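This structure is a prediction, so every number in the text was calculated from the model and none was measured.
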Amino acid sequence: MSFGAEAAAYERGRPSYPPEAIDWLLPSDARDVLDLGAGTGKLTTRLVERGLNVTAVDPIPEMLELLSKSLPDTPALLGTAEEIPLPDNSVDAVLVAQAWHWFDVDRAVREVARVLRPGGRLGLVWNTRDERMGWVKELGRIIGDEHDPLSKTVTLPEPFTDVQRHQVEWTNYLTPQALIDLVASRSYCITSPAKVRARTLERVRELLATHPALANNSGLALPYITVCIRATLA
């Protein structure tokens, strides 16, 4: 629930998701899709743009308020992965962006299976910064290790089958202020003591001002590796 305090920073700083990842996650015949843990609508927007019937569910009112401002015609419901406010057999796919690691997996699996139609798809996706080189590696040293093992070790129990994994490498373009917002919207930064949070953000500003690849640049290229997992409801 801590994300609510920084919902605006989350919206400004967090990246969207590459089309190739969404193509891979979605069944080709999907029409009704649930974005579970939708946040401010980073993934929801991409799904709506495809002409899909999308419902967004999130437990944080501040997040859904921002989502509804940009997507006023999209149903945005308060709810959790453990208690999804949808009827049985109501969607073709459930997508979860940057959120599966927050769920009670056993309860979430049961609820996702309940709302999916037979043969429906569960898709999980995480954006992770590519810290293999350059200024992104320096950023990682400041704000912590990006390499989330959860996205690489997730297992999905029955009734889900045919679990597959996929990665997409891409680049997000953002402003220096958006990079600061990206850091400010991370859960560890939100929940840190005020002095620790202020120092972390100051070190990011120092990096922006002093690194040769960043200083005096109004636009930044931040490389990502997007990790995707999909499974089918048996």
Side-chain angles (χ1 to χ4, degrees), residues 3 6-26 35 37-47 49-50 63 66 70 95-102 123-154 164-190 192 197 199-230:
F3 285 113
E6 291 293 337
Y10 191 105
E11 172 61 20
R12 293 191 302 264
R14 293 294 182 109
S16 184
Y17 297 88
E20 298 91 334
I22 301 172
D23 290 342
W24 187 84
L25 289 166
L26 281 174
D35 185 0
T40 62
K42 291 292 184 177
L43 178 61
T44 320
T45 299
R46 302 284 83 85
L47 298 173
E49 289 172 349
R50 292 169 177 248
M63 294 287 211
L66 290 175
S70 60
L95 297 192
V96 181
Q98 222 75 23
W100 186 257
H101 51 287
W102 296 110
L124 316 179
V125 58
W126 288 265
N127 282 324
T128 60
R129 295 184 312 276
D130 185 349
E131 297 181 349
R132 288 177 289 188
M133 63 182 65
W135 68 269
V136 188
K137 188 174 183 177
E138 293 298 319
L139 178 68
R141 290 172 178 165
I142 294 172
I143 65 177
D145 184 17
E146 175 68 359
H147 302 293
D148 178 6
L150 290 168
S151 61
K152 297 177 177 61
T153 60
V154 166
Q164 301 176 47
R165 289 168 171 76
H166 181 62
Q167 289 188 179
V168 176
E169 296 188 14
W170 63 291
T171 300
N172 185 47
Y173 297 93
L174 70 168
T175 65
Q177 181 57 52
L179 182 67
I180 295 170
D181 288 328
L182 171 64
V183 176
S185 71
R186 289 174 62 88
S187 58
Y188 82 89
C189 195
I190 297 171
S192 291
R197 173 181 168 83
R199 178 54 184 155
T200 298
L201 296 178
E202 182 56 34
R203 291 181 66 193
V204 175
R205 294 186 182 96
E206 290 173 2
L207 178 68
L208 286 165
T210 60
H211 195 284
L214 303 178
N216 301 315
N217 283 347
S218 59
L220 313 177
L222 179 52
Y224 277 94
I225 300 172
T226 296
V227 179
C228 311
I229 299 172
R230 70 185 184 189

Pairing of [X] and [Y] as salt bridge, 4.0 angstrom limit:
X      : Y      : answer
Arg46  : Glu49  : yes
Arg203 : Glu206 : no
Asp23  : Arg50  : yes

Specify the closest pair of heavy atoms between [X] and [Y], including all atoms of both residues, with the distance to one decimal.
X      : Y      : answer
Gly37  : Ala99  : O-CB, 4.3 Å
Ala184 : Leu201 : N-CD2, 4.0 Å
Cys228 : Ala21  : SG-CB, 3.6 Å

> Can you check side-chain contact (heavy atoms from CB on, under 4.5 Å) on Thr226 and Trp24, steps first, answer last?
Replying inline: CA-CA 12 Å; Thr226 296; Trp24 187 84; over 6 Å; no
>> Looking at Arg129 and Val136, would you say the former's side chain and the latter's main chain have a donor-acceptor pair under 3.5 Å?
In response: no
>> Closer than 3.5 angstrom, by distance alone: can the side chain of Asn172 be matched with the main-chain N or O of Leu174 as a donor-acceptor pair?
In response: no
Approximate separation, where rounding is to 0.5 Å, of [X] [atom1] and [Y] [atom2]:
X      : Y      : atom1 : atom2 : result
Glu20  : His166 : CD    : NE2   : 8.0 Å
Leu207 : Arg141 : CG    : CZ    : 11.0 Å
Glu202 : Ile142 : CD    : CD1   : 10.5 Å
Thr175 : Leu220 : OG1   : CG    : 7.0 Å
Glu138 : Thr210 : CD    : OG1   : 9.0 Å

>> side-chain contact (heavy atoms from CB on, under 4.5 Å) for Leu43 and Ile22? Distances and angles first, verdict last.
In response: CA-CA 9 Å; Leu43 178 61; Ile22 301 172; 3.8 Å; yes
> Please walk me through it: do Leu95 and Val125 pass side-chain contact (heavy atoms from CB on, under 4.5 Å)?
Replying inline: CA-CA 8 Å; Leu95 297 192; Val125 58; over 6 Å; no
>> Assess the residue pair Trp135 and Leu179 against the criterion (side-chain contact (heavy atoms from CB on, under 4.5 Å)); give the C-alpha distance rounded to whole Å, side-chain angles, the decisive distance to 0.1 Å, and a yes or no.
In response: CA-CA 12 Å; Trp135 68 269; Leu179 182 67; 3.9 Å; yes
Does some side-chain heavy atom of [Y] sit less than 4.5 Å from a side-chain heavy atom of [X]?
X      : Y      : answer
Gln177 : Asp181 : yes
Ile180 : Leu208 : yes
Val183 : Thr200 : yes
Trp170 : Pro15  : yes
Asn127 : Gln98  : yes

